[in-house]
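Heavy atoms only: backbone and side chains are in, while hydrogens, waters and symmetry mates are out.
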Amino acid sequence: METINGTIDRINFAQNGFLIAKLETGHIILGNCTEATIGQEYEFRGQWTDHPKFGRQFKFDHYRAILPQDLDGIRRYIVRARWVGPVIARKIVKEFGEDALAVLKNDPERVMETISGITLARAQEISQTLKNQEKNEAATIELESMLGGQHLPKTTIPSLITKYGHDAPAQVRQNPYGLIEDVRGIGFPTADRVAMALKYEKDSIERRMAASLYALQDAAESRGHTWLPGDKFAERVGKLISLAPGEDAILTLLKEKKVEAVGTFGVALADLARDETDVAGLVRMLLCSGAGPIDLMSLGGPVIDLKGLAPDQQESFRLCMANPVFILTGAPGTGKTYTLRRIIEQFTTWNFNIALAAPTGKAAKRMSEMIDRPASTIHRLLGPEPYQEGTETKFSFHYGVGAHLPFDLVVIDEFSMVDVSLAASLFRAIAPGTRVLIVGDHYQLPSVGPGAVLRDLLAAGLPSYELTEIKRNTGDIVKACHAIKDGRPAIPSPTLEPEAGYNLRHIEESDPVRIQQIIREIFCERMHPRGYDPVWDVQVLSPMNERTLLSCLHMNEMLQGALNIHPPIKGTPFRIGDKVLQRKNESIDDEFVVNGDLGTVLEISDSDIFVMFRYPDRKVRIKRKDHHITLAYCITIHKLQGSESPVIIFPVHSSFGGFFSRELLYTGISRAKDICITIGEWSAVEAAGQRATSARRITRLTELLKG
């Protein structure tokens, strides 16, 4: 081990806690360092290496900040403190010389008496800031030593310092599993790796509790389960730590109200258990709240002539009037939207105060266009209100148990997308006596979030009606959807003539590289002559995020290069003009942005990305290093669920494997409004059509509704 001292002159690279920098001496240093400061002198311990391309470099394993000794260094150091600008810093250094740091930290009264413009309160604050700064620098370096090489998110150490200050190293040593809650992006496997590196006890109760929570969270996020039976729960925990959860760990989690017992042996995350219980109780309350059958003549005003409706539409109309909570379902082309419009027209003649909502902005816009009435997202209907929790901005809803929505009828479209937590928030906000009309297609994929609310409501026997007769000649897309849901083979169009109903075209190709080339050609050469905007009227869908050349990751790289003429920008995957998608519900710049919202990149600065989101239009400023956006030329089928696009391009290939299911195929094709083009292996389409979703979600809602 060698030791060198040097002041950082330029930072060449700093990402994920790894630093490459140039010292004022000209030497290049590299190693784990989260918070390097240009102009600060450090001591580095490590060894010299010779890189074949970059030459001689010093690779360090440890470092420490050196408090400045010369007057210029002292002046630059104290400017970090609040109330000390360049002018005040020069006065302090001129007055106290080399003793400036000691005086500032230990004798605020002397600073107040000597330096004009510094009150005693400010002098005391400067003193505390410099003391904390010194302690926090030592804590940062200690954390670097503890956590270096663990490949943690780059925000880990700053987040810990912000929350715990100089006590952060002790907090991590005491319970490394606290990293899961303290730092966004750290899950159990990463925290467990840190714990094992710190020689933490393998059978500690903290480890078993953390593994238990992670097993339930992973089951919810990756599989959609709202609870787990005891044997499946123990199996998942055992795969993580090769240990049983243990009665003491479960009892502690129950006492801390982080989990709830389900039946005799089951276990659920407390939030999900409460959400399912609330949905069941609130729906049963609405069913019994007095908003009973409507006498079509009793309210006065005209009654809509049902002769314009098909027999099954008339029956669904009557059932809707007869039940305070009613579910209208049906596959594409069966007349759900037309039936819904006629139902809403009838309630409008009776002067009902009506709210229309859908899970996403695009679905709400489509609903508004179809019904010719304003519609919003469910989140906006409930009134999101941001609040700060540590360094993270979260949100709650204005409307809820204590403040009900002021409507007589609430209509929710695309309900298959609604997970149990959003459903709970919605039903908490609906007042007793309010009528609820749920519209959805239960053949589509279940919600991205946990639960299977639409499926469970139907299974519980809630008043519902499924429209099955195709009402409009929308061509081969609708025919294919009905064939797929019934387990029959879909048949593509012989040619692409949407006006004649030939709107489902297939191009056979087995080579993934060639499939990419064909998609690129369709975007760049075929869509614009047909009157479609290649970026906003055409959407590529893929079942997979990253794996295979036909995943969203690789398709986006290809399409960005083909469609975006703006040059790449160093340090970010985005370019000005990119089509992007939001992946998390959050409040940004006082604007609420929903998971699934689409937008355009307007500007990229050194620290921010400015995005104009659609439906409704909102311009927000997003941090370049802390965001939840991704390129959206190609998105997963889940992300377009509840919305539609004039043209859908859909790569289909055997490389998708067993993951490519009937529900994915059905949902993807049904998103096309005018044209759907599949490119790849039609045998993969046929196989997916026979492959139902492999894992049914484990939920309790049906059982709770049945009492």
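- In this structure, His627 contributes its side chain and Ile622 its backbone to no donor-acceptor pair below 3.5 Å.
- For the 3.5 Å distance criterion, the side chains of Asp441 and Ser416 fail to qualify, holding no donor opposite an acceptor.
- Side-chain contact annotation: Glu508 with His506, donor-acceptor N/O pair under 3.5 Å present.
- Using a 4.5 Å heavy-atom threshold, the side chains of Val540 and Leu559 count as touching.
- Asp413 contributes no side-chain N or O that, together with a main-chain N or O of Met367, makes up a donor-acceptor pair within less than 3.5 Å.
- Put simply, the side chain of His225 never gets that close to the backbone of Trp227: no donor and acceptor are under 3.5 Å apart.
- Side-chain atoms of Asp578 and Asn564 include a donor-acceptor pair closer than 3.5 Å.
- For Ser493 (side chain) and Leu496 (main-chain N/O), no donor-acceptor pair under 3.5 Å exists by modelled atom type.
- The closest side-chain donor-acceptor pair between Glu466 and Tyr443 falls under 3.5 angstrom.
- Checking Ser551 against Asn545 by side-chain atom types alone, no donor-acceptor pair falls below 3.5 Å.
- Between the side chain of Arg575 and the main chain of His566, a donor-acceptor pair closer than 3.5 Å is present.
- Taking the six-membered ring where the residue is Trp, Phe656 and His653 present perpendicular rings, their angle passing 60° and hence far from 30°.
- Formation of a donor-acceptor pair under 3.5 Å by the Glu414 side chain with backbone atoms of Ala363 is not found in this model.
- With hydrogens and angles disregarded, no donor-acceptor distance shorter than 3.5 Å links the side chain of Asp419 to the backbone of Gly451.
- Classification of the Phe592-His379 ring pair by plane angle, with boundaries at 30° and 60°, yields tilted.
- Glu586 pairs in a side-chain hydrogen bond (donor to acceptor under 3.5 Å, both in side chains) with only one of the listed residues (Gln582, Lys584, Arg583), which is Gln582.
- In this structure, the separation between SG on Cys634 and CD on Gln560 is 13.0 Å, given to the nearest 0.5 Å.
- Looking only at distances, no side-chain donor or acceptor of Thr548 sits under 3.5 Å from a matching main-chain atom of Met544.
- Listed for the Asp476 side chain is no donor-acceptor partner under 3.5 Å among the backbone atoms of Pro492.
- Under 3.5 Å, the side chains of Ser654 and Glu681 contain a donor-acceptor pair of N or O atoms.
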Ile569 vs Phe574, side chain to side chain contact (heavy atoms under 4.5 Å, CB included): CA-CA, chis, key distance, verdict:
CA-CA 7 Å; Ile569 297 175; Phe574 304 109; over 6 Å; no
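- Side-chain contact of Thr226 with Glu276: a donor-acceptor pair under 3.5 Å is present, judged by distance alone.
- Between the side chain of Asp537 and the backbone N or O of Pro646 there is no donor-acceptor pair closer than 3.5 Å.
- A donor and an acceptor atom, one from each side chain of Asp192 and Tyr214, are nowhere located under 3.5 Å apart.
- A distance of 6.0 Å or more separates the ring centres of Tyr666 and His482.
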